[in-house]
Amino acid sequence: PVRTRFAPSPTGYLHIGGVRTALFNWLYARHHGGQFVLRIDDTDQERNVEAALAPILAGFRWLGLDWDEGAEIGGPHAPYYQSARQDRYREVVRELVERGQAYHDFATAEELQSERQEAEKEGRRFVYSRRFLAETDTDRQRFEAAGRRGVVRLKLPREGRCRLDDRIRGVVEVDWVGEQDHVVQRADGSCLYNLATVVDDHDMEISHVIRAEEHLSNTPRQLFVYDALGWERPEFAHLPFVAEPGSKNKLSKRKLERYLKNPDFGALYERGSRIAERLGLAMTPESFNPVVVDFYRETGFLPEAVVNYLLLLGWALDDRTENFSRDEMIGHFTLERVNRAPASFDAKRLVAFQSRYMQALSVERRTAMALGFLERSGLVPTPASPSARERALRVVEAAGDRIEIGGDVIDYDDFFVEDGALKRDPTAVERWLIKPVGAIVRLRSLRERLAQIDPFDAASLEREFVAFAEAEGVKIGAVVQAVRVAVTGKAIGFGLYESLVILGRERTLRRVDDALAAVAA
RNA sequence: GUCCCUAUCGUCUAGCCUGGUCUAGGACACCACCCUUUCAAGGUGGCGACACGGGUUCGAAUCCCGUUAGGGACGCCA
């Protein structure tokens with residue numbers, strides 16, 4: 001039976017690279033009708049695990065990556081928190097020592113350091129002398145009497161090669177000498193990752209360890225533990241990591257400043273920030289940026305689009321298929337088609353997927369999304385009144401594919417604010433109302449015509465505008481843009497006739513009057 | 001420094017295992033033009049890659065060796 005797992009650390013946010021790894025694990029399990037386990041790696045955690053875990057679990061749920069066992073839901077191999085499994089790890093460490101596969105060591109950090117430096121100076125590979133290895137209880141007591149504190153180290157082979165048949169990399173071999181006698185238990189008795197992960201994977205009957213490439217070099221010491229205990233090794237598959245925008249470096253939250261300088265990444269960040277600001281979200285760049293899943297959730301991305309993008313970051317079915325439904329991804333996903341080279345994060349491509357998925361949605365669905373943002377930004381009452389809903393529907397319909405992410409609806413705030421509260425872009429006013437000769441006079445006479453038009457619909461408006469521009473001897477664009485700026489405050493937007501119809505005659509006239517008054521002043 | 005991994009358009013990739021159908025396909029991005037009422041969208045077209053050097057072979061993006069470049073790991077972090 002296929003069992004995969006993902007083991008996040010409770011860090012307070014869900015990293016996009018981690019999600020890609022989790023997705024591949026999830027897909028592999030689902031493809032084989034197996035189970036996906038969500039285990040929590042909180043061995044090194046001192047702060048509030050629950051609070052730091054919540055956004056991560058929320059992220060998984062939002063993306064639709066459900067887990068069969070693990071955090072919050074438990075399961076037959078509980079507990080799924082490493083912090084609660086220390087006794088079990090210690091038990092395994094004892095067994096390792098008994099089997100002669102690990103030993104108590106009393107070297108100090110300084111002594112180790114100097115051995116290391118010496119090796120480096122002589123240009124040879126560092127191999128610990130095992131000078132402070134305690135063979136017997138008497139040895140231990142002697143060291144302890146001398147005030148030393150002991151750790152437990154793996155007693156790794158110093159000859160031969162370690163062979164790993166990785167499902168993605170193929171056969172990887174390394175010399176055992178190159179490996180260190182890694183510490184598996186600290187002086188305070190707590191156990192370390194390299195041991196814990198093996199014990200957990202074994203106890204939880206994980207059949208396939210699918211993880212990022214950065215773990216490839218820890219694998220030999222983990223294989224050693226499996227073998228030393230006589231445990232069956234799981235299959236390993238090391239995924240290429242997700243690289244930062246425009247380079248092959250591993251994506252990292254610490255280098256955010258740099259990513260923001262990448263035009264595409266920076267633009268996405270700006271766009272999201274504008275939305276967050278209007279929603280009144282108190283966001284810091286550390287917790288709210290395009291490397292964090294919450295960013296997409298908060299700004300109105302569709303989880304399906306994010307997942308589809310992530311799927312194709314290191315995996316492809318063939319030379320043309322780009323869109324995958326959840327069932328299709330599950331049906332097609334195999335490890336064999338995972339790429340070996342790192343793939344860099346491309347914000348533009350992610351938005352392209354989002355845009356595509358968004359346009360495939362009905363107007364009603366898109367309106368429902370938009371409404372959430374309108375409510376939260378206070379542009380419509382919460383819950384939205386029927387008239388507000390109606391207006392939102394018409395705006396979303398008219399905006400069409402201009403609304404790529406849910407939060408984009410805020411760009412059309414001018415349809416929801418009070419007429420008197422409408423702000424006009426000064427540059428647009430200058431360009432279309434003040435600068436063109438006769439613009440004001442034309443707007444004034446057009447205003448009278450707008451008052452007369454009957455019915456006040458798009459077709460009639462178009463006829464009127466065309467006739468008016470012709471009579472005045474100006475381009476239709478000049479007239480349209482002048483009215484657009486007067487009524488919406490912006491020089492850009494969707495069709496003007498639809499815009500005026502959505503606002504209605506009364507409000508259109510009022511806004512034209514306001515604009516005329518403002519320009520005259 | 002040592003060990004390991006990787007290498008096809010700017011980006012994501014198909015092709016590589018099982019050499020010929022590859023004057024290397026698709027998508028995103030970009031550029032131009034068309035459409036047009038601004039902004040999008042749409043239509044048409046364009047730019048654009050097998051890292052390099054040897055070998056094997058009638059034939060190499062594909063197989064082998066080397067070089068170079070990039071990356072990762074070398075913790076009482078995970």
Side-chain angles (χ1 to χ4, degrees), chain A residues 7-9 11 41-45 82 105 107 109 112 116 119-121 123-126 149-153 164 166 168-170 172-175 177-180 182-188 190-194 196-197 212-220 238 240-241 243 245-250 264 309 312-323 336-337 339-353 355-356 359 399-404 411 428 431-432 462 465-466 469 475-481 483-485 488 490-497:
Chain A
S9 293
T11 53
D41 270 14
D42 57 350
T43 44
D44 201 42
Q45 224 61 36
Q82 291 199 326
D105 182 65
L112 238 28
R116 207 181 291 269
E120 198 170 319
K121 209 165 59 197
R124 57 182 167 79
R125 210 137 53 166
F126 166 64
R149 305 197 61 199
V151 298
V152 178
R153 290 180 183 277
L164 163 70
D166 189 272
I168 292 170
R169 316 261 135 193
V172 178
E173 283 188 281
V174 288
D175 290 324
V177 228
E179 284 290 309
Q180 304 306 322
H182 299 278
V183 173
V184 286
Q185 186 170 29
R186 295 187 180 97
D188 68 4
S190 61
C191 295
L192 269 2
Y193 168 79
N194 276 305
T197 196
E213 186 187 5
E214 62 207 87
H215 290 283
L216 184 59
S217 46
N218 314 348
T219 310
H238 287 94
F241 51 79
S247 107
K248 291 296 180 197
N249 291 24
K250 191 176 99 175
D264 299 339
Y309 168 73
L312 264 15
L313 207 54
W315 183 88
L317 174 65
D318 54 30
D319 62 344
R320 53 198 68 252
T321 318
E322 289 247 299
N323 295 337
E336 282 61 44
R337 297 202 63 84
N339 227 69
R340 275 190 299 271
S344 49
F345 180 79
D346 182 352
K348 271 234 170 92
R349 191 160 135 97
L350 172 47
V351 172
F353 273 98
S355 183
R356 213 180 299 168
Q359 300 331 310
D401 51 38
R402 292 171 185 80
I403 297 178
E404 288 183 316
D411 290 342
R431 161 131 195 242
W432 295 104
E462 178 166 14
F465 270 70
V466 170
K475 284 186 179 171
I476 184 82
V479 182
V480 164
Q481 285 302 85
V483 174
R484 184 190 298 282
V485 173
T488 71
K490 301 179 178 87
I492 57 171
F494 48 78
L496 181 71
Y497 311 132

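Residue numbers start from 1 in every chain, and the chains themselves are labelled A, B, ... in the order their sequence lines are given, proteins ahead of strands.
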Kindly point out which of [options] is positioned nearest to the side chain of [X]?
| X | options | value |
| --- | --- | --- |
| A:Ala316 | B:rC28, B:rA14, B:rU11 | B:rA14 |
| A:Asp41 | B:rU6, B:rA78, B:rU37 | B:rA78 |
| A:Glu322 | B:rA27, B:rC4, B:rC12 | B:rA27 |
| A:Tyr193 | B:rA73, B:rA78, B:rU38 | B:rA78 |
| A:Ser9 | B:rA73, B:rC12, B:rA78 | B:rA78 |
| A:Leu216 | B:rC4, B:rU37, B:rC12 | B:rC4 |

How many whole angstroms separate atom [atom1] of [X] from atom [atom2] of [N]?
| X | N | atom1 | atom2 | result |
| --- | --- | --- | --- | --- |
| A:Arg320 | B:rC28 | CZ | C1' | 16 Å |
| A:Asp346 | B:rC30 | CG | P | 11 Å |
| A:Asp319 | B:rU21 | CG | C1' | 14 Å |
| A:Gln180 | B:rC4 | CD | P | 14 Å |
| A:Arg340 | B:rC4 | CZ | C1' | 15 Å |
| A:Phe241 | B:rG70 | CZ | P | 13 Å |
| A:Asp401 | B:rG42 | CG | P | 7 Å |
| A:Glu213 | B:rA73 | CD | C1' | 10 Å |

For atom [atom1], what is the distance between [N] and [M], given to the nearest Å?
| N | M | atom1 | result |
| --- | --- | --- | --- |
| B:rA32 | B:rG72 | C1' | 43 Å |
| B:rG25 | B:rG15 | P | 15 Å |
| B:rC9 | B:rA49 | C1' | 4 Å |
| B:rC12 | B:rG75 | P | 31 Å |
| B:rA41 | B:rC35 | C1' | 11 Å |
| B:rG55 | B:rA73 | P | 38 Å |
| B:rU62 | B:rC52 | P | 10 Å |
| B:rC28 | B:rU67 | P | 40 Å |

May I ask you to evaluate whether [X] reaches the phosphate of [N], defined as a side-chain N or O under 4.0 Å from OP1 or OP2?
| X | N | value |
| --- | --- | --- |
| A:Arg337 | B:rG15 | yes |
| A:Thr197 | B:rA78 | no |
| A:Arg349 | B:rU13 | no |
| A:Lys348 | B:rA27 | no |
| A:Arg125 | B:rU2 | no |
| A:Asn323 | B:rA27 | no |

Heavy atoms under 4.0 Å, any strand shown: does [X] hit a base, just sugar-phosphate, or nothing?
| X | answer |
| --- | --- |
| A:Gly314 | sugar-phosphate |
| A:Asn249 | sugar-phosphate |
| A:Arg402 | base |
| A:Ala187 | base |
| A:Phe126 | nothing |
| A:Val174 | sugar-phosphate |
| A:Asn218 | base |
| A:His215 | base |
| A:Leu313 | sugar-phosphate |
| A:Glu173 | sugar-phosphate |
| A:Lys475 | nothing |
| A:Gly400 | nothing |
| A:Arg431 | nothing |

Is there a Watson-Crick or G-U wobble partner for [N] with both distances under 3.5 Å, and which nucleotide is it?
| N | result |
| --- | --- |
| B:rG70 | B:rC5 |
| B:rU57 | none |
| B:rC76 | none |
| B:rC28 | B:rG10 |
| B:rC22 | none |

_Polar side-chain contact A:Arg169-B:rC5 base: donor and acceptor under 3.5 Å_ =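 Not at all, since no donor on one side and acceptor on the other fall under 3.5 Å apart.
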_Whether the side chain of A:Arg484 and the base of B:rU37 hold a donor-acceptor pair under 3.5 Å is what I'd like checked._
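Under the 3.5 Å cut-off, the side chain and the base do form a donor-acceptor pair.
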*asked:* Quick check on RNA chain B: between A:Ala399 and A:Tyr309, whose nearest nucleotide comes earlier from the 5' end?
replied: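 Mapping each residue to its closest nucleotide by heavy atoms, the 5'-most match is A:Tyr309.
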*Taking the nucleotide of RNA chain B with the closest heavy atom to each, which residue, A:Ala491 or A:Ala109, is nearer the 5' end?*
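Closest to the 5' end, via its nearest nucleotide, is A:Ala491.
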Value rounded to 0.5 Å, distance of [atom1] in [X] from [atom2] in [Y]:
| X | Y | atom1 | atom2 | value |
| --- | --- | --- | --- | --- |
| A:Asn218 | A:Thr197 | CG | OG1 | 9.0 Å |
| A:Asp105 | A:Gln185 | CG | CD | 12.5 Å |
| A:Leu192 | A:Arg153 | CG | CZ | 10.5 Å |
| A:Asp264 | A:Leu350 | CG | CG | 11.5 Å |

*Check whether any side-chain N or O of A:Arg337 sits under 3.5 Å from a backbone N or O of A:Ala316 as a donor-acceptor pair, and report yes or no.*
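Yes, the answer is positive, given that a donor and an acceptor are paired below the 3.5 Å cut-off.
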*Give a yes or no on whether the backbone of A:Asp41 and the side-chain of A:Ser9 come within a donor-acceptor separation of less than 3.5 Å.*
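Yes; at least one donor-acceptor contact below 3.5 Å.
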*Can A:Asp411 and A:Arg402 be said to form a salt bridge (charged side-chain N to carboxylate O under 4.0 Å, His left out), step by step?*
CA-CA 10 Å; A:Asp411 290 342; A:Arg402 292 171 185 80; over 6 Å; no
_Test side chain to side chain donor-acceptor pair (under 3.5 Å) applied to A:Thr321 and A:Asp319, A:Asn323, A:Asp318, the passing residue_ =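 So the option named by the test is A:Asp318.
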_Whether A:Glu213 and A:Lys250 form a salt bridge (side-chain N of Lys/Arg under 4.0 Å from carboxylate O of Asp/Glu) is what I want to check._
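No, this pair does not count.
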_Plane angle bin for A:Tyr497 and A:Phe465 - parallel if under 30°, tilted between 30 and 60°, otherwise perpendicular_ =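 Geometry flag for A:Tyr497 against A:Phe465: perpendicular rings.
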